[in-house]
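This one's a predicted model, so the numbers in the text were calculated from it and none came from an experiment. In the text below, chain A, chain B and the rest are named by the order of the sequence lines, each starting its count at 1.
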2 protein chains.
Amino acid sequence: MAVSSEDQSLELEAVEVSQTPIERFEEYLLSRGLRKTEQRRFLVEQVFSRHQHFDADQLIDQLPRKGEDNYVSRPTVYRTLKEFVDAGLLRRFELNGRSVYEHDYGYPEHDHFYCVKCHELSEFQSEALSQLRDEIARQHRFRVRSHRLIIHGVCHACSSRKHQRKRQDLV
Amino acid sequence: MAVSSEDQSLELEAVEVSQTPIERFEEYLLSRGLRKTEQRRFLVEQVFSRHQHFDADQLIDQLPRKGEDNYVSRPTVYRTLKEFVDAGLLRRFELNGRSVYEHDYGYPEHDHFYCVKCHELSEFQSEALSQLRDEIARQHRFRVRSHRLIIHGVCHACSSRKHQRKRQDLV
DNA sequence: ATCGTTGCAAACGTTTTGCATAAGG
DNA sequence: CCTTATGCAAAACGTTTGCAACGAT
């Protein structure tokens, strides 16, 4: 099952960054002696053309098909996604047995609601949460690198919708 | 990669429950018109014989092999794990691309540290965290069903160990 | 006798790999 | 020219399914 593709970028403020994702990726390639290829160039561009959560299949669906210009094979997509994560451009997490990616570079720390009705992921930010996490970690002498919090439940849209249907069901 | 099998039960207080997991599972079977089979009986017993996180492979490894008494096939293990989740005995989450299970029934709500060095999962409880979660959800009019928080980083044991090695490396 | 359950084998969906060819530096 | 990157095909991985035989009620 795929996660929703709806754009999520409107709610959160961008973090200040000195480079574009493309520039940062080029620097990463340079620092590792890797090559600037047409496929990598095209994929950064595609991945950062809109801000949304996506999995490998959703990305591939939005790319040119075999035979068309700029075709990138499935293995190369997977290999490149891994590089994006290494380069700090993307962050990966797992949902319903598949890897989901989201923008990391230039994007603030945030967490997610996952609606079990419409399977929509939405984002929220909480400074209090980051502080609490750090405090808990300190108590346990755990050195935090990152965290992943997903709150499962029913989003507002779906709970409204459900109430309507319930009223109708009574007729 | 498998998650660690070290016992995690010592830190958290058990929640009061009126039935054993076995009783609760039998009730679940009855309520759905499902049957009490030898395989199911044996698997509840195995799964609740020690408190730890485990994945399907780790469970299967601790079970009798084909040809031995009480052998349970791999598909049946998977089917039964799903029933345990349905019955509220286990909770499932995903880590490094595989499903990990933990005791749910009679066990308090908690969250996890995941050490990226030793790949050990450890548990912690925070009432403040639950409250904050509920408050955030209320603000977003999101109806919480559950949540999953994993804090990634380096556990105390590993950061001590790492320092030692670093000192030696300087020699 | 009925109908849920099991084990087997095979399929599944996602991701990874080996390898020959292509192409960046 | 050297080495990394790519595409293809196939494998690998964890998990699920169809089905015939089995067994609980």
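Taking 4.0 angstrom as the limit, A:Thr76 places none of its side-chain polar atoms (N or O) nearer than this to OP1 or OP2 of D:dA5. Checking the phosphate oxygens (OP1, OP2) of D:dT15, a side-chain nitrogen or oxygen of B:Tyr78 falls inside 4.0 Å.
B:Tyr71 OH to B:Arg65 CZ: the interatomic distance, rounded to the nearest 0.5 Å, is 10.5 Å.
In this entry the distance linking CG of A:Leu63 with C1' of D:dG7 reads 15 Å, nearest Å. Rounded to whole angstrom, the span from the CD atom of A:Glu94 across to the C1' atom of C:dT15 amounts to 12 Å. Between the C1' atom of D:dG14 and the CD atom of B:Gln58 lies a distance of 13 Å, rounded to the nearest Å. To the nearest angstrom, P of C:dG4 lies 14 Å from CG of B:Leu30. D:dT16 atom C1' lies 16 Å from atom CG of A:Asn96, rounded to whole Å. Atom pair A:Tyr28:OH and D:dT4:C1' shows a separation of 13 Å (rounding to whole Å applied). B:Glu83 has its CD atom 10 Å from the C1' atom of C:dG4, to the nearest Å. As a whole-Å value, the separation of B:Arg65 CZ from C:dG7 P is 15 Å.
Taking a 4.0 Å limit (strictly below) on heavy-atom distances, residues 39-46 of chain B reaches DNA chain C at B:Gln39, B:Arg40.
Between A:Glu102 and A:Arg148 a salt bridge is recorded (basic side-chain N to carboxylate O distance below 4.0 Å). Salt bridge annotation for A:Glu83-A:Arg32: absent, with no cationic side-chain nitrogen under 4.0 angstrom from a carboxylate oxygen.
At most 12 non-hydrogen atoms from other residues, nucleotides or ligands lie less than 6.0 angstrom from CZ of B:Arg141.
Residue pairs meeting the salt bridge (Lys or Arg N to Asp or Glu O under 4.0 Å) criterion with at least one member in residues 66-82 of chain A, sequence neighbours excluded, are A:Asp57-A:Arg74.
The residue among A:Tyr71 and B:Arg74 whose nearest nucleotide of DNA chain D is located toward the 5' end is A:Tyr71.
Between B:Phe25 and B:Phe84, the ring planes are perpendicular. Angles over 60° get that label, and only those under 30° would be called parallel. Aromatic ring orientation, A:His140 versus B:Phe124: tilted (interplanar angle from 30° to 60°).
B:Glu109 pairs in a side-chain hydrogen bond (donor to acceptor under 3.5 Å, both in side chains) with only one of the listed residues (B:Ser130, B:Ser126, B:Ser146), which is B:Ser130.
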Protein-to-nucleotide contact annotation, 5' to 3' order, nucleotides 17-25 of chain C [B base; S sugar-phosphate only; - none; under 4.0 Å, heavy atom]
BB----BBS
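The closest side-chain donor-acceptor pair between A:Arg98 and A:Gln58, if any, does not fall under 3.5 angstrom.
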